[in-house]
Amino acid sequence: MNNTEQQALFIIFGGTGDLAQRKLYPSLFNLYKRGYLKNHFAVIGTARRPWTDEHYHEVIKESIADLSDDEEKANDFASHFYYQSHNVNDTNHYVTLRDLADKLDEKYGLCGNRLYYLAMSPRFFGTICEHLKTQEIITKNGYNRVVVEKPFGHDYESAKALDDEIGSVFPERDVFRIDHYLGKEMVQNILAVRFGNSMFNAMWNNRYISNIQITLSEALGVEERAGYYETSGALRDMVQNHILQIVTLLTMNAPVSYSAEDISREKINALKSLKVYNADEVKKNFVRGQYGSDAGLKAYRDEDQVASDSMTETFVAGKLAVENMDFAGVPIYIRTGKRMKEKATRIDVVFKQMPVVVFKDSCLKSDVLTINVDPEPGISIQLNTKKVGQNFDTESIDIGYSLSDEQKAEMPEAYERLILNALRGETMNFARWDELSYSWKFLDSIRKAWDDEDLSVDAFPNYACKTMGPKASDELLEKDGNHWEF
Ligand code: NAP
């Protein structure tokens, strides 16, 4: 792993937007503070608003205000930013963009390396990529990489069309599809825990694992994203990408090496092994929900830009089946939703209970390995031990590891890590097209079954705010003799 300074020109489409201001500029600043970006970088932010460079610098400084009390450093960082007012549908603007890009390339010594960050609606991706090519913004002497955001399509067909548009300009190795969960420290830790410990490596299969549980719960409602959310729902917004990526990391076979190629191959195999459900199976194995009003909080149907009879799901729970040798028969329970009890991302691997032979009068619990991704990154293991005292009883204890404050300060934020990966050309933590194609096919079967089902308007809302979702989500596990650990 090299810690050297990166040389590149960033062209951020959607430079005035929320993502750019909340995530991209702070992440670039952290890379700058850590020395990955120094003298040889420049950023062109583009959008339609007629901002000046001076105003853009103020916006940049505002977006990094929490990260720096060193004014000189903040000014120096901001001086690398240039604003170009640009409508992505207007060819003439790409000519101006090319001239500015070439000028900055020379000024900062960027060797023709360009990273195009498409921080705007996917409906513009096709026209942007086409213009980058026809207007010769793509350089011949350096690398040209494109970073795209979710949502990557609405279903398999639209994702394929989007991928074709991007793929007609950028080869797969230069397309970096962001799934920011893959940039999280503890999600990356899944492979270290699985393949770095003989104990877990030996037990990571259906002989020892009873079930796996993945929870991505959010405390907030839809906030100002309701317009988008109405067309997406929890299934497309969270399951197709983040949850399925976590499922593959938990159930894939060991890769030949820790390389993007080998890991992706095994992730694709895991996705291929995921059972695609028919309508009856969807009904049996999936639960959807929508939050009602409670504790002074609005019901989803009362949020701005949401239809009063909206049937959009704000909660999904499901039982997935990975049909490979090691995981056949192990239920993978997933759960995500808005306005739940707390914001958390957590994985529980529940091991099979020991037969009650030796300690007949004791109540042995299942061993559980918990990977806490957010908000407090850490790992804990629940084990049965002897209860202190004269008698012989057992009790369940937790052995925990959580990141120290120093480690947390060192820990790069997901976007910071992923941007550096893209600069280095490391594709490991990005979703490949093949992965997306299998995940969309899996998802489409659920969506279709739900769309075909004539669910009554009264079926929603079916869970109160600040809870862990509808009762049916608990029943999904109870049917199997299991329960949510979290
Ligand atoms: P946003 O705040 O609405 O920003 C959209 C950007 O696109 C603005 O800079 C807008 O600037 C620009 N724009 C719109 N039409 C344009 C045109 N014809 N020509 C040039 N620029 C145009 O959206 P966002 O929240 O930043 O999200 C951007 C993308 O990232 C979306 O696809 C979103 O789904 C995805 N995403 C966002 C987040 C997040 O946290 N925000 C998280 C994950 C994924 P002007 O109005 O000045 O033109």
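Counting starts at 1 for both ligands and their atoms, in listed order.
Taking a distance limit of 4.0 Å, we find that atom 3 (O) of ligand 1 is approached by no protein heavy atom. Not a single protein heavy atom sits closer than 4.0 Å to atom 23 (O) of ligand 1.
In terms of protein heavy-atom proximity, atom 26 (O) of ligand 1 is nearest to L19 N, 2.8 Å. Protein heavy atom closest to atom 47 (O) of ligand 1, with residue, atom name and distance, is R49 NE, 2.7 Å. What sits closest to atom 5 (C) of ligand 1 on the protein, heavy atoms only, is A119 O, 4.3 Å. Atom 41 (N) of ligand 1 has as its closest protein heavy atom D18 OD2, 2.7 Å. Here the heavy atom of the protein found nearest to atom 6 (C) of ligand 1 is G14 CA, 3.7 Å. In this structure, atom 32 (O) of ligand 1 lies nearest to the protein heavy atom M120 O, 3.3 Å. In terms of protein heavy-atom proximity, atom 43 (C) of ligand 1 is closest to E149 OE1, 3.6 Å. For atom 36 (N) of ligand 1, the closest heavy atom belonging to the protein is K150 O, 3.8 Å.
At a 3.5 angstrom cut-off on N or O pairs, T16 counts as close to ligand 1. Considering backbone and side-chain N/O of G17, one or more are found under 3.5 Å from N/O of ligand 1.
Taking the ring centre of Y156 as origin, the terminal cationic atom of K441 falls inside the region bounded by 6.0 Å and 45° from the ring axis.
Those atoms of ligand 1 with a heavy atom of R22 less than 4.0 angstrom away are 39 (C), 40 (O), 41 (N). In summary, the atoms of ligand 1 found under 4.0 Å from a heavy atom of S121, numbered by their order in the structure, are 32 (O). With ligand atoms numbered from 1 in the order given, ligand 1 contributes 34 (O) to contacts under 4.0 Å with heavy atoms of P151. Close approach of ligand 1 to P122 is summarised as follows: ligand atoms under 4.0 Å from at least one heavy atom of the residue are 32 (O). Heavy-atom contacts of H86 reach the following atoms of ligand 1: 19 (N), 20 (C) (cutoff under 4.0 Å).
Side chain of T127 to main chain of F124: no donor-acceptor pair is present (N/O by atom type, distance under 3.5 Å, no hydrogens or angles). Side-chain N or O atoms of R194 include one that pairs as donor or acceptor with a backbone N or O of M252 at under 3.5 Å. The backbone N or O of K160 sits nowhere less than 3.5 Å from a side-chain atom of W440 that would complete a donor-acceptor pair.
For Y463 and F315, the distance between ring centers is under 6.0 angstrom. Outside the 6.0 Å centre-distance limit, the rings of F10 and Y116 are not counted as a close aromatic pair. For an aromatic pair to be called close, the ring centres must be under 6.0 Å apart, and H80 with F41 satisfies this. For H131 and H93, the gap between ring centers reaches or exceeds 6.0 Å.
For F124, the heavy-atom gap to ligand 1 drops under 4.0 angstrom.
Sorted by first then second residue, the ring-ring contact (aromatic ring centres under 6.0 Å, His included) pairs that include residues 132-155, not counting sequence neighbours, number zero.
Environment of NZ in K408: crowded, with over 12 heavy atoms of neighbouring residues, nucleotides or ligands closer than 6.0 Å.
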Steps toward salt bridge (charged side-chain N to carboxylate O under 4.0 Å, His left out) verdict (D348, R346): CA-CA 7 Å; D348 291 292; R346 171 172 156 153; 2.9 Å; yes
